[in-house]
Trainee: 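Below is the structure I would like to discuss, written out as structure tokens.
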Amino acid sequence: MIQVFNTLSRHKEPIRSQTEGVLTIYVCGVTPYDDAHIGHARPAVVWDAIKRHLQRRGYAVWHVQNFTDVDDRLIERSGDLGLSVGELAQRHMTSYLSYMQQLRIDPPHAYPRVTDNMAGIVDYIADLVAKGYAYERAGDVYFRVSSSPGYGKLSGRTGAEQTVSRLESRTAKDNVADFALWKAARPGEPFWESPWGVGRPGWHIECSAIAEDMLGEHIDLHGGGIDLVFPHHENEIAQTEAHLGRPVATIFVHNGLVTLGDVKMSKSLGNGVSLGELFERWDPVVIRTYLLSAHYRSPLAFEERRLGEWKTALERIQGLYRDVERFEPPSGLPHDPAIVDLLNFEAEFLSLMDDDFNTAKALAKVFEMMRSVRPLIDAGGALGHAVGFLTRKNLTQANEIFQFLPAGTPPTASSEGSSGLLQGLLAVREQARAEHAFRWADAIRDVFMAHGWKIEDTPAGPRLAPVEEHDATV
RNA sequence: GGCGACGUAGCCAAGAGGUAAGGCAGGGGUCUGCAAAACCCCUAUUCCCCGGUUCGAAUCCGGGCGUCGCCUCCA
């Protein structure tokens, strides 16, 4: 049974699907007015891990994440840069998608954009107006919060006074707690036609409209950063319940925020650590692992040296994998407790993930599994072969969530087209070492290094390892 | 002021009534021409503080202290 912490109930609950065997996931995506930072990578990586786990557990997953490609900030920023809103949004959506690919995110089935869903959004608002949940004032349309009886149930802000912003509202709303569904366009702003005149949608309505359009009338898992709980998700609940007369989602899943030092990483604070910049110094896989090394709900205080630590840790995993990937299934399993442990690994790993997607614990399990395996492999024989194969199998299984193994065929000496030449050179160096011609041996080592190969002299002979592309020192 | 989360080794971080996972760093060792890598072992009598409940508390309750997030665009 898969359990997940539901922000609505503040408890772990078993996952339930509306349609047998199918889970629908809607994650609130980014507003592409600036370069994505590591805080945006977290929900993407977390939901990627969640999705992969659910799929392994046999669910068919339908996963949608939106782009808010028109909003106040986008308009403001595009004016500053002398670009159109569309150009600015496209630029950052493109780089975002590239970052996601580098983080080995399995793409959502759709990345719907607000500007592609205007008709549905307008219809949605019109329905809320018709049903008496919303009202128009001078070309703006507002949602009447007092018409939503359960308002505040997600965030715990129930009293009307608690929902009032500290900032004074300068709009014509009937009540300060009411929020905009449609904003009249001011001169120079991008606009769309509507029954209330030209304008653009408010921030919250897009998710209700797009989610219903793409997922049907029910979302099994609805996600985003914990900073979206109020007002965004609270308002989304109000809109959808008013429109459909039923809850928007069974379970709300919110990831903790990435902070820089002690303060939240935020575009408006300008303290975001750009993913593009980070990728110049670190393998994206290191960042992915780092983001999965803590539980998804914990706050994460970003420090770059954490990446150095996980790079080191990851090299142990990848190094072991390089050494076991040659093992094929053995013809029989020796009777040994180590074999039993290795056979149990997958079931234990999966059950750790079942418990609220505890990637931190699952990752710990990988390191635990790795311990003591290498001496058995090095000892060889039937046991060594079986252990080697099962280790390979287990790392491959963990990799389905973590994606920490080299993609594609790992570059090893044997898989290189020039392997004959490389092996020949290695043999020459071994000969030189045997003859104590160390200057000659070291010169050969330097040649390998210059071509991107590190020679590691193991008890079983020399081994080639690729020199890291991202060799950052912090 | 209101709502919510958190405080575990040098650092990071799991654990949420049954006697402290894992990673990094550090120490010791094996291997080694050197270097690198790898491997093995060790490193919290104790979980912010003070009370309480319990046979038993890092875990539950009450009260402090401290930190962060939301209440305004935010992943």
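The sequence lines fix the lettering, A, B, ..., with proteins before strands; numbering per chain opens at 1.
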Trainee: Taking any heavy-atom pair under 4.0 Å as a contact, classify A/D378: base, sugar-phosphate, or nothing.
Mentor: nothing
Trainee: So if I take every side-chain heavy atom of A/D227 and compare against B/A14, B/A75, B/G33, which nucleotide ends up nearest?
Mentor: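 My answer, after comparing the listed nucleotides, is B/A75.
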Trainee: State whether the side chain of A/K51 and the backbone N or O of A/D106 hold a donor-acceptor pair below 3.5 Å, judged by distance alone.
Mentor: yes
Trainee: Taking atom OH of A/Y111 as the centre, report whether more than 12 heavy atoms of other residues, nucleotides or ligands fall under 6.0 Å from it.
Mentor: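 Yes.
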Trainee: Measure from the side chain of A/R445, starting at C-beta and using heavy atoms only, and say which of B/C40, B/C71, B/C34 lies closest.
Mentor: B/C34
Trainee: Heavy atoms from C-beta onward define the side chain here; which of B/A75, B/C3, B/C24 lies closest to that of A/A313?
Mentor: B/C24
Trainee: Base, sugar-phosphate alone, or nothing: which one does A/L257 contact when heavy atoms must sit under 4.0 Å apart?
Mentor: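 Base contact - A/L257 has a heavy atom under 4.0 Å of at least one base atom.
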Trainee: Nearest of B/C34, B/C40, B/C24 to any side-chain atom of A/R316?
Mentor: B/C24
Trainee: Round to the nearest Å and state the distance from A/R297 atom CZ to B/G69 atom P.
Mentor: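 Computing the A/R297:CZ to B/G69:P distance gives 19 Å.
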Trainee: Expressed in angstrom and rounded to an integer, what is the separation of A/Q318 atom CD from B/G23 atom C1'?
Mentor: 15 Å
Trainee: Between B/C3 atom P and A/R10 atom CZ, what is the distance in whole Å?
Mentor: 11 Å
Trainee: With a non-hydrogen cut-off below 4.0 angstrom, is A/G308 in contact with a base, only sugar-phosphate, or nothing?
Mentor: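 The answer is nothing, as A/G308 stays clear of every strand by at least 4.0 Å.
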Trainee: Using modelled atom types only, decide if a donor and an acceptor are shared between the side chain of A/K173 and the backbone of A/D178 within a distance under 3.5 Å.
Mentor: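 Checking the backbone N and O of A/D178 against the side chain of A/K173, a donor-acceptor pair under 3.5 Å is found.
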Trainee: Whole-Å distance between B/A14 P and A/Y290 OH?
Mentor: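 That distance rounds to 11 Å.
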Trainee: Does a distance-only test, which skips hydrogens and angles, find a donor-acceptor pair under 3.5 Å between the side chain of A/D323 and the base of B/C39?
Mentor: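 Checked by distance alone, the answer is no.
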Trainee: Should the side chain of A/D442 and the base of B/G33 be counted as holding a donor-acceptor pair, with the cut-off at 3.5 Å?
Mentor: yes
Trainee: From the list B/G33, B/G69, B/A14, which nucleotide is the closest neighbour of the side chain of A/N358?
Mentor: B/A14
Trainee: Would you indicate what A/H254 reaches in the nucleic acid, counting non-hydrogen atoms under 4.0 angstrom: base, sugar-phosphate, or nothing?
Mentor: nothing
Trainee: So what's B/C24 paired with, Watson-Crick or G-U wobble, going by both distances under 3.5 Å?
Mentor: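 B/C24 is paired with B/G10.
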Trainee: A/R429 side chain: which of B/G69, B/C11, B/G33 is closest?
Mentor: B/G33
Trainee: When we call it a touch if two heavy atoms are under 4.0 Å apart, what does A/F367 touch: a base, just sugar-phosphate, or nothing?
Mentor: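 Since only primed, P, OP1 and OP2 atoms lie under 4.0 Å of A/F367, the category is sugar-phosphate.
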Trainee: Decide salt bridge (charged side-chain N to carboxylate O under 4.0 Å, His left out) for A/K183 and A/D71; before the verdict, give the C-alpha distance in whole Å, the side-chain angles of both, and the deciding distance to 0.1 Å.
Mentor: CA-CA 10 Å; A/K183 296 179 172 186; A/D71 95 316; over 6 Å; no
Trainee: Report which part of the nucleic acid A/R42 touches: base, sugar-phosphate, or nothing (heavy-atom distance under 4.0 Å, all strands).
Mentor: nothing
Trainee: Measure the distance from CG on A/D356 to C1' on B/A13 and round it to the nearest whole Å.
Mentor: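 Result: 16 Å.
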Trainee: When the aromatic ring centroids of A/F179 and A/H204 are compared, is their separation below 6.0 Å?
Mentor: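 Yes, close enough.
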Trainee: Need the pair for B/U72. Rule: Watson-Crick or G-U wobble, both distances under 3.5 Å, any strand; none if unpaired.
Mentor: none
Trainee: Quick check: on RNA chain B, is the nucleotide nearest A/A441 upstream (toward 5') of the one nearest A/D355, or the reverse? Name the residue that is more 5'.
Mentor: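 Mapping each residue to its closest nucleotide by heavy atoms, the 5'-most match is A/D355.
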Trainee: Determine the interatomic distance between P on B/G7 and the same-named atom on B/C61; round to the nearest Å.
Mentor: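 After rounding to an integer number of Å, I get 14 Å for this pair.
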Trainee: Of the options B/A13, B/A14, B/A75, whose atoms approach the side-chain atoms of A/K361 most closely?
Mentor: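 In terms of side-chain proximity for A/K361, the closest of B/A13, B/A14, B/A75 is B/A14.
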Trainee: Is the distance between the ring centroids of A/H436 and A/F438 less than 6.0 Å?
Mentor: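 Close enough - the centres of the two rings lie under 6.0 Å apart.
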Trainee: For a quick check of understanding: with a heavy-atom distance under 4.0 Å over all strands, which category does A/D72 fall into, base, sugar-phosphate or nothing?
Mentor: nothing
Trainee: May I have the distance from A/E348 (atom CD) to B/G22 (atom P), rounded to whole angstrom?
Mentor: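 Whole-Å distance recorded here is 14 Å.
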Trainee: Taking only the P atom of each, what is the distance from B/C39 to B/C24 in whole angstrom?
Mentor: 9 Å
Trainee: When the C1' atoms of B/A75 and B/A58 are considered, how many whole Å apart are they?
Mentor: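 Taking atom C1' in both B/A75 and B/A58, they lie 31 Å apart.
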Trainee: Given B/C71, B/G33, B/A14, which nucleotide is nearest the side-chain atoms of A/R157?
Mentor: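 That would be B/C71.
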Trainee: If you check the A/T259 side chain, which of B/C71, B/C68, B/A75 turns out closest?
Mentor: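 Nearest to the side chain of A/T259 among the choices is B/C68.
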Trainee: From the options B/A37, B/A13, B/G23, select the nucleotide whose nearest atom is closest to the side chain of A/A294.
Mentor: B/A13
Trainee: Just checking A/G319: base, sugar-phosphate only, or nothing, at a heavy-atom cut-off of under 4.0 Å?
Mentor: nothing
Trainee: Would you indicate whether A/H109, at its atom NE2, is surrounded by more than 12 heavy atoms from other residues, nucleotides or ligands within a distance under 6.0 Å?
Mentor: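 Yes, because the 6.0 Å sphere around NE2 of A/H109 holds more than 12 heavy atoms from other groups.
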Trainee: Could you tell me the separation between the CG atom of A/L320 and the C1' atom of B/C39, rounded to a whole number of Å?
Mentor: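 Nearest whole value for this atom pair: 11 Å.
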Trainee: Considering heavy-atom distances to RNA chain B, does A/V373 or A/P299 have its closest nucleotide positioned more toward the 5' end?
Mentor: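 On the 5' side of the pair lies A/P299.
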Trainee: Is A/R306 near enough to B/C11 that one of its side-chain N or O atoms lies under 4.0 angstrom from OP1 or OP2?
Mentor: no
Trainee: Work out how far the C1' atom of B/G27 is from that of B/G63, and round it to whole angstrom.
Mentor: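 Comparing C1' positions in B/G27 and B/G63 gives a spacing of 42 Å.
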Trainee: Can you tell me how far C1' in B/U53 sits from the matching atom in B/G62, rounded to whole Å?
Mentor: 11 Å
Trainee: So what does A/V27 touch, heavy atoms closer than 4.0 Å: a base, only the sugar-phosphate, or nothing?
Mentor: nothing
Trainee: Side-chain contact test, heavy atoms from C-beta onward, threshold under 4.5 Å: evaluate it for A/F67 versus A/V30 and give yes or no.
Mentor: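 Yes. Closest side-chain heavy atoms under 4.5 Å.
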Trainee: Would you classify A/R371 as touching base, sugar-phosphate or nothing, given that sugar-phosphate means primed atoms plus P, OP1 and OP2, and contacts are heavy atoms under 4.0 Å?
Mentor: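 Touches sugar-phosphate only.
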Trainee: Under 4.0 Å: is that the gap between some side-chain N or O of A/T31 and OP1 or OP2 of B/C73?
Mentor: no
